[in-house]
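The structure under discussion is supplied below as structure tokens; questions concerning it will follow.
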Protein chains: 2
Amino acid sequence: MTKTDPRKAPLALPLNQIIAGDCIEEMNRLPEASIDLIFADPPYNLQLRGELHRPDNSRVDAVDDAWDQFGSFGHYDSFTHDWLAAARRILKPNGAIWVIGSYHNVFRLGAELQNQGYWILNDVVWRKSNPMPNFRGKRLTNAHETLIWASKSEGAKYTFNYEALKALNEGVQMRSDWVLPICTGGERLKDEAGDKAHPTQKPEALLHRIILGTTNPGDVVLDPFFGTGTTGAVAKMLGRDYIGIEREEAYREAASKRLEKVRKFDREALEITGSKRAEPRVPFGQLVERGMLRPGEELYSVGNRFKAKVRADGTLVGNDVKGSIHQVGAHLEGAPSCNGWTYWHFKRDGKMVPIDLLRQQIRAEMH
Amino acid sequence: MTKTDPRKAPLALPLNQIIAGDCIEEMNRLPEASIDLIFADPPYNLQLRGELHRPDNSRVDAVDDAWDQFGSFGHYDSFTHDWLAAARRILKPNGAIWVIGSYHNVFRLGAELQNQGYWILNDVVWRKSNPMPNFRGKRLTNAHETLIWASKSEGAKYTFNYEALKALNEGVQMRSDWVLPICTGGERLKDEAGDKAHPTQKPEALLHRIILGTTNPGDVVLDPFFGTGTTGAVAKMLGRDYIGIEREEAYREAASKRLEKVRKFDREALEITGSKRAEPRVPFGQLVERGMLRPGEELYSVGNRFKAKVRADGTLVGNDVKGSIHQVGAHLEGAPSCNGWTYWHFKRDGKMVPIDLLRQQIRAEMH
DNA sequence: AGGTCAACTGAATCCTCTC
DNA sequence: CGAGAGGATTCAGTTGACC
């Protein structure tokens with residue numbers, strides 16, 4: 001039996017650091033089921049005609065046999081398989097992944113995600129407001145990139161801050177097409193020569209939406225193709241921990257400098273619009289126990305079409321039907337379900353008031 | 001030696017007809033290298049689970065037809081392989097194909113296109129102006145579908161009417177994202193009972209753009225999943241020949257009736273995309289995402305009487321009130337409503353600037 | 001005739017906890 | 001594991017009844 005190679009030993013989570021190395025090897029050294037979210041912007045230029053390189057930078061011999069005329073896709077698929085498998089191992093059961101790509105590679109990415117058991121939640125289109133035109137007029141302006149959001153497996157309880165994204169979209173449900181400008185101007189990192197530090201730096205706005213919408217403060221966000229660290233920068237701003245993996249020293253250095261300057265937003269600013277689902281459950285019976293409603297008192301349906309009587313045990317009776325506020329409401333409406341809290345009203349000073357108001361009073365006391 | 005089965009004999013091109021049968025078998029009977037353009041809207045393999053109800057308790061009419069059921073990704077891939085191979089054989093060397101799908105199937109489609117040697121020219125996003133919302137608030141509104149445009153092979157001289165599409169786009173180069181409404185109203189075909197004749201009828205505007213942009217008059221356009229014949233109808237209007245293949249008799253009949261009524265070169269068809277041009281809505285959250293305003297930054301009311309803090313999700317908090325820029329403004333003023341865009345100001349270089357200025361910057365970029 | 005409002009609809013992988 | 005219950009959740013647009 002050989003000794004364990006210390007270089008292969010699993011690491012404790014190296015939070016808020018940039019790991020130097022190949023992302024597959026480095027992910028394999030991280031503890032399993034430890035990451036909340038992965039954002040990955042993998043290279044997509046591996047299948048260009050001519051030279052082909054493996055992830056470890058060694059050159060692949062050109063394949064010109066007829067039986068393997070699409071061998072370049074084979075190599076790309078194998079690379080994609082390996083890093084997605086490594087990523088899946090380190091994801092928590094309720095973790096999720098975002099990948100981004102263009103038509104050159106995104107179909108391979110999406111198919112491999114599905115093959116490995118990831119469960120696609122949405123594909124999202126980043127619609128660029130200022131794309132590069134198609135100079136030769138031979139095709140359509142390539143004005144978008146595609147992101148795929150997937151949970152680790154079907155049925156997993158992924159994080160989705162629905163109300164926060166709805167608020168971000170001025171009160172309308174967030175859609176799967178996001179209009180955002182490409183990364184230019186002061187946000188674009190430059191090297192000493194004044195050239196762009198990274199060829200495909202993503203805008204912070206894109207990561208802001210992703211991290212705000214699909215993680216909670218304190219979550220761990222890993223980016224296996226860290227580049228100049230947009231994922232880390234936004235994670236830090238938003239009070240999440242990040243882990244970056246990057247092979248190229250120049251990118252790591254640029255990212256490192258960038259991250260030092262980033263400040264976390266203050267706590268109040270990080271609070272997001274909350275969800276009703278997260279509110280504590282209040283049994284209807286409590287309203288009766290506390291005397292907010294009297295046994296025998298009558299409740300009236302939305303639209304005043306039905307009446308029901310409150311009973312001492314917190315059930316209702318109306319039209320010979322007995323049951324919870326939800327059951328009686330559903331039965332009277334002939335509906336598959338009913339939210340009794342908003343359906344039933346009581347009278348106060350001649351006005352109809354929804355019983356949900358009483359629940360809100362109880363919840364306010366609980367804080 | 002056996003006699004040739006006449007049912008298997010290659011057909012001469014059955015122009016402007018609807019062929020009854022399985023599309024793989026029927027394409028295999030057509031002469032090779034005879035088709036200019038294929039438009040294909042294959043089953044999406046939606047894999048829906050239970051029933052879904054809207055918040056008003058009405059039931060969503062799901063696409064649960066037998067033709068959309070596949071046992072596994074393996075079965076779906078095998079089906080995809082077979083019809084794409086049959087399609088490629090009958091394409092002229094300079095012919096092209098369009099396929100449409102959603103995240104359920106489009107990654108399988110795209111990967112298989114590449115595997116067979118098709119050469120992807122663009123992926124195009126159909127952004128629906130009126131998609132069905134996500135009723136349970138568990139994901140993003142699925143507001144788009146993806147099309148892939150590919151030539152038969154790399155280096156082929158595909159047809160692209162650059163100027164026509166540019167004209168259709170008000171003089172600006174056509175982009176890879178197309179905003180079009182879904183097919184409703186008078187365009188949507190109904191059966192005798194008044195129900196929709198086909199669950200997934202595509203809008204004519206979509207086919208108009210495709211056929212106008214990537215074929216010439218007199219070209220042959222084939223649709224292996226003809227359905228109720230949108231492809232044929234638009235091809236006929238635009239003076240192209242069509243061939244439809246459809247298994248279901250009810251769809252063939254509906255398509256047949258429809259096609260009889262279609263007149264070639266209907267000028268009105270050219271006006272389909274004309275739409276009201278309102279100023280695009282810009283959610284306040286975008287100013288935060290884009291870093292134009294920082295979470296935690298303070299905004300000042302008109303007249304400087306009130307302050308409020310920006311939060312990461314694009315809401316404000318001031319005087320213990322949380323909400324949109326409009327809501328918080330209205331509350332502070334004790335007014336029924338408030339235009340937050342002109343009400344709130346931020347400080348730059350000691351001066352007060354209305355946030356509407358930032359909105360104008362974003363709108364300028366969108367043009 | 002014109003305006004108002006309620007009802008209806010669209011390719012959808014659409015809940016969560018307790019017993 | 002399944003069954004049952006609580007209760008949260010929608011946008012743009014068309015159609016048709018009714019004033």
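Chain A is the first sequence line, chain B the second, and so forth, proteins listed ahead of strands; every chain is numbered from 1.
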**Report entry** A:Arg359, nearest nucleotide to its side chain (from D:dT10, D:dG7, D:dC11)
**Finding:** D:dG7
Query raised in the report: Rounded to whole angstroms, how far apart are CG on B:Asn57 and P on D:dG7?
Result: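 So the two atoms are 16 Å apart, to the nearest Å.
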Enumerate the protein-to-nucleotides 16-19 of chain D contacts in which both atoms are nitrogen or oxygen and the separation is below 3.5 Å.
none

Query raised in the report: How many angstroms lie between atom OG1 of B:Thr184 and atom NZ of B:Lys196, to the nearest 0.5 angstrom?
Result: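 The distance works out to 12.0 Å.
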Query raised in the report: Listed by chain and number, what are the side chain to side chain contact (heavy atoms under 4.5 Å, CB included) partners of B:His198, not counting sequence neighbours?
Result: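 In terms of side chain to side chain contact (heavy atoms under 4.5 Å, CB included), with neighbours along the sequence ignored, B:His198 is linked to B:Trp67, B:Thr200, B:Thr228, B:Tyr251.
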Query raised in the report: Which ones in residues 323-336 of chain A lie close to DNA chain D, meaning a heavy atom under 4.0 Å from one of its atoms?
Result: A:Ser324, A:His326, A:Gln327
**Report entry** All side chain to side chain contact (heavy atoms under 4.5 Å, CB included) counterparts of A:Ser151, not counting sequence neighbours
**Finding:**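 Testing A:Ser151 for side chain to side chain contact (heavy atoms under 4.5 Å, CB included), a comparison that skips the adjacent residues, returns A:Trp119, A:Leu121, A:Ala156, A:Tyr158.
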Query raised in the report: Going by a 90° cut-off around 0, is C:dT13 syn or anti?
Result: syn
Query raised in the report: On a whole-Å scale, what distance lies between the P atoms belonging to D:dA8 and C:dT13?
Result: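 My reading of the P atoms in D:dA8 and C:dT13 gives 23 Å.
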Query raised in the report: Hey, does B:Arg139 reach any base, or is it just sugar-phosphate, or nothing, if we go heavy atoms under 4.0 Å?
Result: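 Here B:Arg139 touches the bases of the nucleic acid.
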Query raised in the report: With sugar-phosphate meaning primed atoms plus P, OP1 and OP2, does B:Asn105 contact a base, only sugar-phosphate, or nothing at under 4.0 Å between heavy atoms?
Result: nothing
Report task. Could you give the distance separating C:dC14 and D:dG7 at their P atoms, to the nearest angstrom? Result -> 23 Å
Query raised in the report: Pairing of DNA chain D as dot-bracket, 5' to 3': ( ) intra-strand, [ ] crossing, | other strand, . unpaired, with Watson-Crick or G-U pairs under 3.5 Å?
Result: .|||||....|||||||||
Requested in this report: Sticking with atom C1', work out how far C:dA1 lies from D:dG16, rounded to a whole angstrom.
Outcome: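 My reading of the C1' atoms in C:dA1 and D:dG16 gives 16 Å.
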Query raised in the report: What are the bounds, 5' to 3', of the part of DNA chain C that sits under 4.0 Å from heavy atoms of chain B?
Result: C:dT9 to C:dT16
